[in-house]
Amino acid sequence: MCAVSVDRVTCSIASYVGTSCDHMPAIRGPGACVFGALGELDLRLAKKELGFVSCSGLDAKRFERGRSGPSRVCLRRGERSVPLAPVRAMEQSRTAHVNSKADGAEGENLHQISTVGNSTNIKWHSCSVSKLERQELLQQKGCVIWITGLSGSGKSTLACALSRSLHSRGKLTYVLDGDNVRHGLNSDLSFKAEDRAENIRRIGEVAKLFADAGVICIASLISPYRRDREACRAILPEGDFIEVFMDVPLQVCEARDPKGLYKLARAGKIKGFTGIDDPYEPPLDCEIVLQQKESECASPCEMAEEVICFLEEKGYLKA
Ligand SMILES: Nc1ncnc2c1ncn2[C@@H]1O[C@H](COP(=O)(O)OS(=O)(=O)O)[C@@H](OP(=O)(O)O)[C@H]1O
Ligand SMILES: Nc1ncnc2c1ncn2[C@@H]1O[C@H](COP(=O)(O)OP(=O)(O)O)[C@@H](O)[C@H]1O
């Protein structure tokens with residue numbers, strides 16, 4: 001994960017996709033800060049969706065998650081060119097910092113006061129117990145398994161099967177189910193696009209904390225828009241966001257209809273139902289696809305096993 005420090009401006013990267021950045025007068029506009037770029041994908045996203053025309057002097061590799069190093073960047077939007085220098089990638093922070101000398105301190109003894117969204121004058125506090133130590137304790141690596149798919153595609157069933165199976169192997173997991181989180185933390189959110197985006201953003205942030213705690217966090221929510229899922233991926237260290245697509249045809253989900261919601265949606269009694277009158281954007285390049293055709297139907301345990309094999313192969317089941 002990295003962020004960009006730009007003079008006295010504080011900005012974060014991925015989570016600003018789609019939000020405005022009015023505190024940067026020269027680069028006003030949606031997602032202006034996203035440009036910070038966690039990798040080539042984000043750069044492309046920034047250029048395609050956010051209207052960045054070009055960026056010179058940027059070595060995208062320097063901005064890869066987890067890397068750091070000084071660079072100079074020139075960001076152009078339309079006709080305007082905005083030099084941003086020095087730019088610094090920082091680990092463990094989404095913010096750029098206002099660097100000022102602490103009282104009576106010299107040189108490296110800087111304190112870093114940030115502005116993140118509407119939170120001004122805040123400071124990151126580090127703890128002496130590290131993520132590595134927590135992982136050592138748990139004998140596993142923290143990560144996020146993000147299960148996406150239509151309603152009725154089997155997300156919650158897989159999440160529970162996976163949690164059970166990992167638990168029986170002595171691995172600590174926690175399930176963040178969209179439906180459940182909407183009973184509490186996200187009960188203020190509806191199903192309109194911006195509320196879904198906020199639902200996903202919050203779950204992404206919570207999942208990130210679980211992963212940082214060393215837990216294997218299983219998030220199961222429709223998360224229908226690619227951009228929102230990518231934003232969650234971008235706030236996690238490289239490799240720690242494992243996207244699992246429940247590739248189940250709409251007809252199958254609709255035939256299952258365990259809650260009777262498709263029926264209500266077809267009858268026009270629920271508006272903006274995913275797959276009916278609200279879009280679902282399947283992942284283009286996710287880690288795992290669990291495909292279910294009409295005739296073939298892997299059991300939830302078999303699906304869980306496939307995910308566990310992936311985790312094992314990538315080393316997440318040991319410290
Ligand atoms: N309009 C509309 N569209 C889709 N789904 C709806 C809607 N209204 C209610 N529900 C029920 O809410 C569950 C989806 O919540 P999520 O938080 O996963 O959705 S999202 O990620 O914010 O799109 C979803 O649960 P699952 O069936 O488990 O996916 C539905 O039961
Ligand atoms: N692998 C599977 N094979 C057959 N049916 C399944 C499978 N996974 C889930 N189901 C069934 O599909 C329905 C929807 O599953 P659920 O996990 O609630 O989906 P979602 O969380 O995506 O809405 C449930 O009735 C469940 O029993």
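Since this is a predicted model, take the numbers as computed values, not measurements.
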Verdict with supporting geometry, Leu311 and Cys143, side chain to side chain contact (heavy atoms under 4.5 Å, CB included) = CA-CA 9 Å; Leu311 293 177; Cys143 62; 4.2 Å; yes
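- Listed here is the closest heavy atom pair of Gln135 and Lys141: OE1-CA, 3.5 Å.
- Aromatic ring pairs are classed by plane angle as parallel below 30°, tilted from 30° to 60° and perpendicular above 60°; the pair Tyr280 and Phe245 is parallel.
- Listed here is the closest heavy atom pair of Lys131 and Asp240: NZ-OD2, 3.5 Å.
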Listing, residues 185-192 side-chain donor-acceptor contacts under 3.5 Å, not counting sequence neighbours, or none:
{"from": "Asn186", "atom 1": "OD1", "to": "Arg202", "atom 2": "NH1", "distance (Å)": "3.2"}
{"from": "Asn186", "atom 1": "ND2", "to": "Asn199", "atom 2": "OD1", "distance (Å)": "2.6"}
{"from": "Ser187", "atom 1": "OG", "to": "Gly184", "atom 2": "O", "distance (Å)": "2.9"}
{"from": "Asp188", "atom 1": "OD1", "to": "Arg202", "atom 2": "NH1", "distance (Å)": "3.0"}
{"from": "Asp188", "atom 1": "OD2", "to": "Arg202", "atom 2": "NH2", "distance (Å)": "3.2"}
{"from": "Ser190", "atom 1": "OG", "to": "Lys192", "atom 2": "N", "distance (Å)": "3.2"}
{"from": "Ser190", "atom 1": "OG", "to": "Asp195", "atom 2": "OD2", "distance (Å)": "2.9"}

Should Arg266 and Glu254 be marked as a side chain to side chain contact (heavy atoms under 4.5 Å, CB included) after you check the CA-CA gap, both sets of side-chain angles, and the distance that decides it?
-> CA-CA 10 Å; Arg266 288 288 185 198; Glu254 204 170 345; 2.7 Å; yes
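- Under the 4.5 Å side-chain criterion, counting only non-hydrogen atoms from C-beta, Ile200 is in contact with Cys232.
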Under 3.5 Å, which donor-acceptor pairs do the side chains of residues 170-178 form with other protein atoms, sequence neighbours left out?
{"from": "Lys171", "atom 1": "NZ", "to": "Gln139", "atom 2": "O", "distance (Å)": "2.8"}
{"from": "Lys171", "atom 1": "NZ", "to": "Leu317", "atom 2": "O", "distance (Å)": "3.0"}
{"from": "Thr173", "atom 1": "OG1", "to": "Ser163", "atom 2": "OG", "distance (Å)": "2.7"}
{"from": "Asp177", "atom 1": "OD1", "to": "Asp179", "atom 2": "N", "distance (Å)": "3.1"}
{"from": "Asp177", "atom 1": "OD2", "to": "Ser156", "atom 2": "OG", "distance (Å)": "2.7"}
{"from": "Asp177", "atom 1": "OD2", "to": "Ser220", "atom 2": "OG", "distance (Å)": "2.9"}

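- The environment of CZ in Arg256 is crowded: more than 12 heavy-atom neighbours from other residues, nucleotides or ligands sit within 6.0 Å.
- Residues Ile270 and Leu150 fall within the same hydrophobic cluster, defined by Ile, Leu, Val, Met, Phe, Trp and Tyr side chains chained together at heavy-atom separations under 4.5 Å.
- Using modelled atom types, no side-chain atom of Gln292 and backbone atom of Met246 make a donor-acceptor pair closer than 3.5 Å.
- Side-chain atoms of Thr148 come within 3.5 Å of backbone N or O of Ile222 as a donor-acceptor pair.
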Evaluate side chain to side chain contact (heavy atoms under 4.5 Å, CB included) for Trp146 paired with Cys286, printing each intermediate quantity in order.
-> CA-CA 10 Å; Trp146 191 277; Cys286 64; over 6 Å; no
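- Side-chain contact between Lys314 and Ile242 is absent, with no heavy-atom pair separated by less than 4.5 Å.
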Tell me, with the steps shown, if Asp212 and Arg134 meet side chain to side chain contact (heavy atoms under 4.5 Å, CB included).
-> CA-CA 9 Å; Asp212 190 52; Arg134 290 189 285 273; 3.3 Å; yes
